[in-house]
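This is the structure I want to talk about, given as structure tokens.
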Amino acid sequence: MTDLQWADLSNQAIAAAGVVYFLALIAYFAEWSSLRQVDRAREAARSSSYAGAGSVAVATGPERPAVDEPRTDRVAMFGRLALLLLGIANAVHFVGLVSRGMSADPNRVPWSNMYEFTISGTFVVALIFLLVQRRWGLSWLGPIVVGFVLTLLMVSVIWLYDSTGPLPEALNSPWLVIHVVSAVLATGAFTIGGMTSAVYLLKRRRAGKPETGIWARVPSLDRLDLVSYRIHSFAFPIWTFAVLITGPIWAHQAWSSYWSWDPKEVWAFITWVVYAAYLHARTTAGWKGRNAAILALVGTATLWFNFIGINYFSTTSQHSYAGAVPAISTVAPAATTIGG
Amino acid sequence: MTATETRPTTPAPDPGRRAGELNALEALRFAWRQLTSMRTALVLLLLLALAAVPGSLIPQERVDSLKAGQWKEAHETLTPIYEKLGLFNVYGSPWFAAIYILLVVSLVGCIVPRTLVYARGMRAQPPRAPRHLTRLPAHTAYVSSEAPDVVLARARAVLGRRHRLRADAGDGTVSAERGYLREVGNLLFHLAVLVVLLGFALGSLFGYKGGVILVTGTPWSNTLTQYDDFVPGSLFSPTRLNPFSFTVDDFDIQWLQSGPRAGQARGFNAKLEYAEGAGADQGPEKDYDLRVNHPLSIGDTDLFLIGHGYAPVITVRDGAGNKVYSKPTVFLPQGPDFFSFGVVKAQDAQPAGIGLEGFLYPTYANVDGNPVNLNGDDLNPVISMKVYTGDLNMDTAQSVYVLDKSKADTVPGQPGLDTLRIDLSPGQTVELPNGLGSVSFDGIESWQRIQISQTPGKWIALAGVILALLGLMGSLFIRSRRLWVRVTPTDHGSLVEVAGLDRSGGADTDDVVSKLVARLQPSPDDRPEDT
Ligand code: HEM
């Protein structure tokens with residue numbers, strides 16, 4: 001295959017992945033609406049069996065009135081379908097990534113501009129979800145994950161798309177692989193952690209309201225807090241490795257200074273400090289729970305702001321995919337850079 | 001950790017005094033406790049994150065002085081205010097320092113006592129079982145037909161493998177604890193943060209960063225005067241410069257000729273010949289391919305290839321026919337296509353000084369009458385320069401890359417131009433009007449920008465972050481918990497109570513307790529995973 005064909009394949013695969021993610025989202029919505037029907041049926045069953053109007057439904061309580069089988073089956077069926085579609089979409093997404101790398105001469109990892117970072121980041125978010133959803137009981141998070149991935153994928157195709165090409169010289173280093181893999185992995189995990197924290201806050205606000213539909217499947221607040229913490233504590237060391245170890249080592253090689261307060265570095269540091277604060281908050285009386293969850297969301301916000309936003313606010317970044325023309329000056333020759 | 005949390009934050013009230021009255025010592029102790037509390041650490045961390053923000057949005061003098069300068073010119077009213085607030089040098093400003101120094105003090109104040117507590121507690125036995133196990137958050141109880149001794153023995157065996165057991169746990173109970181290393185990890189992490197700061201501080205105090213633009217073939221030796229720019233740390237002393245010298249013999253570059261990124265350059269390689277030492281101590285000549293991402297280390301000094309460009313060789317002869325200027329002239333690229341800007345200053349020319357200012361087109365083409373640059377490669381180089389004459393104001397300090405035209409005169413030239421413009425290809429010469437002289441474009445060379453820096457403490461900082469990461473993993477992933485089993489005899493066997501207390505914040509203690517219960521059952525078959 002020629003480079004051009006690989007590039008076409010990549011674009012098509014990304015588009016196809018988008019379509020399948022969309023189908024997965026629809027399947028999740030179908031699951032959701034079947035859940036509501038189950039609720040309604042259950043409600044009906046309950047009011048006919050006893051008049052416990054004031055009782056609050058308990059998520060997994062055994063006292064649930066029996067519901068007719070086909071309805072619950074339908075929920076399970078749509079749930080499985082959604083997961084299957086998500087898996088297929090993720091596989092196609094992966095094809096898109098690989099062929100993107102193959103389309104460059106010489107072949108390379110698909111991480112040299114914002115478009116490529118975004119399609120990689122979204123891939124990892126979906127992949128992590130697929131891998132951990134069962135173990136951590138996160139299947140209820142599916143619609144949010146897919147919605148997020150789909151949105152960002154569209155943003156990247158519409159606004160961030162960039163033609164393929166060889167790596168800029170400064171990126172041409174084994175550290176690229178180590179640094180980016182860890183950064184993208186941590187980003188994916190933190191993103192999912194942000195979602196569970198957001199759901200925590202939403203669920204908290206609903207406290208006392210009946211847990212119907214999708215809410216019935218969301219775990220208890222304590223459990224949510226625990227899951228969020230586990231995700232964050234998984235991501236935090238990886239992030240530390242990415243931005244405070246491999247990043248500086250590589251920066252030292254490429255730009256001669258392991259830490260130069262470049263805007264990307266600053267924001268990676270801010271993200272790190274915010275998540276350190278999150279970990280502290282979880283063990284500080286008065287900050288547990290709600291405030292910690294808010295901090296986790298602040299962390300997610302700084303993370304994605306750094307990923308995409310900072311490129312539009314600051315033009316001094318040395319991170320070449322920020323797309324800035326190499327800064328050249330008539331007074332300060334210091335600003336001439338190689339390879340962006 | 002509970003130790004920091006449950007400490008009273010206000011001193012116990014003294015009945016003999018009015019409320020709110022503190023003596024100096026108490027006030028001090030109060031302040032210290034506040035400072036070293038977990039909440040303060042949290043707030044300081046958030047402050048640090050917040051304080052780092054402006055530096056990423058406002059151009060920083062030490063990061064990009066050019067951008068900072070442009071910003072200042074564009075914002076006349078804000079600039080003095082920002083300057084007062086140190087917003088052009090956020091990471092060196094007193095208020096930024098105040099935050100991290102407070103954080104360090106708080107950290108030390110937090111870590112030292114905890115280390116002492118830990119050192120004392122390291123050999124301690126797991127605590128006795130609380131009287132009411134059912135009051136613990138994770139607990140359960142069941143009735144067994146086995147005799148209490150059997151259950152207890154099994155509990156000891158099951159827990160003893162992965163836990164420390166209390167020797168004198170007393171009648172009918174087992175106290176177990178595990179995860180002592182978690183606290184070690186946590187302490188290690190926080191101490192390592194200090195190590196990183198130390199390494200970083202060494203680098204910024206004793207290190208330096210300098211740079212030089214060299215036309216290929218120009219020898220260079222490491223003395224202060226040879227640098228184009230030099231930014232020393234505040235405690236840097238020139239005696240720390242390593243003696244060495246080098247020459248870039250050759251510079252290779254590859255231009256992409258096809259594909260979507262045609263015109264982009266890659267594969268930069270500056271072939272360096274260098275020797276350590278100076279004068280009589282000079283060592284043997286060595287070769288090194290200096291490339292992006294492949295710095296050269298000589299002693300404590302690192303050399304990096306960070307930029308390149310073209311240096312057209314320009315010769316100026318004056319009215320009397322004397323060569324008044326003849327050398328490769330560094331032109332600065334204006335963008336990725338290496339369309340470049342440069343100046344020539346021949347003040348000594350007779351009868352009048354000659355100044356040139358203009359552009360280099362590495363691959364010149366005439367498209368519909370307009371000059372354009374097609375490529376960064378020097379396939380068809382053309383220089384297009386405006387000519388000035390008279391006083392070039394060379395007595396005042398000025399950049400070699402800027403022509404001061406404030407006192408200079410224009411030269412009559414083409415209609416519609418403020419002054420004469422000359423366009424030259426390599427090998428061409430043009431006579432200037434009014435007997436001023438001539439300008440020749442003899443050829444084109446390349447220049448490289450080499451960054452030369454010393455970063456003492458970088459290995460300390462690296463060791464620090466690695467230790468921090470190890471500590472962090474210990475602190476986050478080692479499960480620290482206490483488990484208790486109490487067995488009370490009953491008529492038909494025993495009542496077994498099991499309770500657990502998680503100290504790591506990330507564990508599902510209910511799950512741990514139920515797994516333990518499963519393992520306390522008589523049948524050894526299909527035991528669930530080790531707790
Ligand atoms: C430079 C500033 C600091 C940074 C970057 C930092 C970072 C962290 C991180 C990432 C954790 C989570 C790892 C873990 O759970 O062990 C942590 C935990 C902890 N930090 Fe800090 N910290 C800082 C300052 C402080 C200070 C000043 C104190 C004392 C007041 C402190 C006390 C603690 C404690 C007690 C824990 C353990 C929490 C637990 O048991 O889970 N830290 N810190």
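So that the names make sense, note that chain A is the first sequence line, chain B the second, and so on, each numbered from 1.
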Given heavy-atom pairs under 4.5 angstrom as the criterion, report whether the side chain, backbone, both or neither of B/Ala461 touches chain A.
side chain
Proximal component of B/Phe331, with respect to chain A [non-hydrogen, under 4.5 Å]:
neither
Students often mix this up, so state it plainly: with edges at 30° and 60°, are the rings of A/Tyr275 and A/His232 parallel, tilted or perpendicular?
tilted
Does B/Arg291 make a cation-pi contact with B/Phe268, if we ask for NZ or CZ under 6.0 Å from the ring centre and within 45° of the axis?
no
Region of B/Val196 that comes under 4.5 Å of a non-hydrogen atom in chain A
neither
Check the angle between the aromatic planes of B/Tyr208 and B/Phe230 and answer parallel, tilted or perpendicular using the 30° and 60° thresholds.
parallel
Distance only, no hydrogens: is a donor on one side chain within 3.5 Å (strictly under) of an acceptor on the other, for A/Trp239 and A/Thr271?
no
Who wins among B/Leu44, B/Val343, B/Leu46 for the most heavy-atom pairs under 4.5 Å with chain A?
B/Leu46
Just checking, is any N or O donor in the side chain of A/Trp175 or B/Asn293 under 3.5 Å from an acceptor N or O on the other one?
no
When the 4.5 angstrom heavy-atom criterion is applied to B/Ile466 and chain A, the contacting part is both
Checking heavy atoms, do the side chain of B/Phe200, its backbone, both or neither come under 4.5 Å from chain A?
both
Of the backbone (N, CA, C, O) and the side chain (C-beta and beyond), which part of A/Trp261 lies under 4.5 Å from a heavy atom of chain B, both, or neither?
both
Looking at B/Leu48, B/Leu42, B/Val465, which makes the most heavy-atom pairs under 4.5 Å with chain A?
B/Leu42
Heavy-atom pairs under 4.5 Å with chain B - which of A/Asp222, A/Val274, A/Ile270 has more of them than the others?
A/Ile270
Tell me, out of A/Trp267, A/Phe241, A/Tyr278, A/Phe269, who's got the most heavy-atom pairs with chain B below 4.5 Å.
A/Trp267
May I ask you to decide if the ring planes of B/Phe251 and B/His308 are parallel, tilted or perpendicular, using 30° and 60° as cut-offs?
tilted
Determine the option with the most heavy-atom pairs under 4.5 angstrom with chain A, choosing from B/Gln448, B/Arg39, B/His294.
B/Arg39
So, B/Ser453 versus B/Gln451: side-chain donor-acceptor pair below 3.5 Å or not?
no
For the pair A/Trp304 and A/Phe307, name the ring-plane relationship: parallel under 30°, tilted 30 to 60°, perpendicular over 60°.
tilted
